[in-house]
Chemist: 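Provided herewith is a single structure, encoded as structure tokens, for subsequent inquiry.
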Amino acid sequence: MLRRKPTRLELKLDDIEEFESVRKELESRRKQRDEAEAAAGGEEAAAIGALGTEHKSREQLIHERIGYKPQPKAGGRTAHFGTFEF
């Protein structure tokens, strides 16, 4: 198989300007989304506080979302760690 020399890529001023404009647009969208979520989150927090439900940690929310229910193993080595007799 014949090998060819690597293709040379050149970065032009137009490319840089286009990249900057796209990046600014994405940042503005992200800010708007974050502000909307913060406003909605504040309203939800007020509603949750009014109902008196307990606050769940991030870990608990993830476990709930994926359906993980941690249960300690009974009779494992760690359960008897301090009861060794010599």
Chemist: S21: which residues meet the side chain to side chain donor-acceptor pair (under 3.5 Å) condition with it, sequence neighbours left out?
Modeler: none
Chemist: Please give the remaining members of the hydrophobic cluster of L9, linking ILVMFWY side chains under 4.5 Å, ordered by chain and number.
Modeler: none
Chemist: Side-chain contact, heavy-atom cut-off 4.5 Å: E64 with Q60?
Modeler: no
Chemist: Could I get the full list of salt bridge (charged side-chain N to carboxylate O under 4.0 Å, His left out) partners for E18, not counting sequence neighbours?
Modeler: none
Chemist: In chain order, what residues pass the side chain to side chain donor-acceptor pair (under 3.5 Å) check against R3, with sequence neighbours excluded?
Modeler: none
Chemist: If the condition is side chain to side chain donor-acceptor pair (under 3.5 Å), which residues does R58 pass it with, not counting sequence neighbours?
Modeler: none
Chemist: How many angstroms lie between CZ in F19 and CG in D14, if you round to the nearest 0.5 Å?
Modeler: 15.0 Å
Chemist: In a table with atom names and distances, give each donor-acceptor pair under 3.5 Å that connects a side chain of residues 25-36 to protein atoms at least two apart or in another chain.
Modeler:
from	atom 1	to	atom 2	distance (Å)
E25	OE2	R29	NH2	2.6
S28	OG	K24	O	3.4
S28	OG	E25	O	2.7

Chemist: Mind checking what makes salt bridge (charged side-chain N to carboxylate O under 4.0 Å, His left out) contact with E17, not counting sequence neighbours?
Modeler: none
